[in-house]
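What follows is a short report on a single structure.
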Amino acid sequence: MKRIVVGLIGGAIGFIINILFLLLAPDLEIEVYIATGITWIAIGILISLCNFKINGILKGIMVSFLVSASSLVYTFTSSASGSIWTLINTLVVGAVIGYAIEKVISIITNKN
């Protein structure tokens, strides 16, 4: 249960960071922000629950790319510059929340 809460918080942090990226893009509908929030919360939960024996940063990047792959394809078909921003965003935010989630989980599990 603690891992899920950490994942939810990490996903919320990823959503906030992503909103800052999206503020640079002109004329986005509210649906984009809602979909982004749902996606990053799901990514946070998946990062916290997966048992890959790799660095937290790499785990965050890998899970972020796997979950965001479908939206990346859609973005690429409509805008090449948008897909570059999506790639950068997925890389940066995935690495940040992957590192943060792994660090918090290691602190929680070492206390008990």
Taking side chain to side chain contact (heavy atoms under 4.5 Å, CB included) as the definition, give me every residue that meets it alongside [X], ordered by chain and number, with sequence neighbours left out.
X: Leu66; answer: Met62
X: Val104; answer: Val6, Ile108
X: Ile61; answer: Ile57, Phe65, Leu91, Ala95

Flag yes if [X] and [Y] sit in one hydrophobic cluster, no otherwise; membership is Ile, Leu, Val, Met, Phe, Trp, Tyr, and two members link when side-chain heavy atoms are under 4.5 Å apart.
X: Ile47; Y: Val67; answer: yes
X: Val63; Y: Leu87; answer: no
X: Val92; Y: Leu58; answer: no

Just verifying a value: how many Å separate [X] [atom1] and [Y] [atom2], rounded to the nearest 0.5 Å?
X: Leu72; Y: Ile84; atom1: CG; atom2: CD1; value: 10.5 Å
X: Ile97; Y: Ile9; atom1: CD1; atom2: CD1; value: 12.5 Å
X: Leu8; Y: Ile45; atom1: CG; atom2: CD1; value: 4.0 Å
X: Leu49; Y: Ile4; atom1: CG; atom2: CD1; value: 5.5 Å

>> With side chain to side chain donor-acceptor pair (under 3.5 Å) as the rule and sequence neighbours excluded, what pairs involving residues 82-95 come up?
In response: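 Sorted result for residues 82-95: Asn18-Asn89.
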> Restricting to pairs with a member in residues 3-12, which pass side chain to side chain donor-acceptor pair (under 3.5 Å), not counting sequence neighbours?
Replying inline: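 For residues 3-12: none.
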Output a table of donor-acceptor pairs, distance under 3.5 Å, between side-chain atoms of residues 33-40 and any protein atom two or more places apart or on a different chain; print 'none' if there are none.
| from | atom 1 | to | atom 2 | distance (Å) |
| --- | --- | --- | --- | --- |
| Thr36 | OG1 | Val32 | O | 2.7 |
| Thr39 | OG1 | Ala35 | O | 2.8 |

Which pairs pass salt bridge (Lys or Arg N to Asp or Glu O under 4.0 Å) with one or both residues in [range], sequence neighbours excluded?
range: residues 79-107; result: Lys59-Glu102
range: residues 77-93; result: none
range: residues 88-101; result: none
range: residues 74-97; result: none

> Taking everything shown except Phe15 itself, do over 12 heavy atoms lie less than 6.0 Å from its CZ?
Replying inline: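 More than 12 within 6.0 Å, yes.
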> Can you tell if the side chain of Ser64 reaches within under 4.5 Å of the side chain of Val93, non-hydrogen atoms only?
Replying inline: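 Ser64 does not reach Val93 side chain to side chain.
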> What's the shortest heavy-atom distance between Ile101 and Gly7, and which atoms?
Replying inline: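 Minimum heavy-atom contact is CD1-CA, 4.3 Å.
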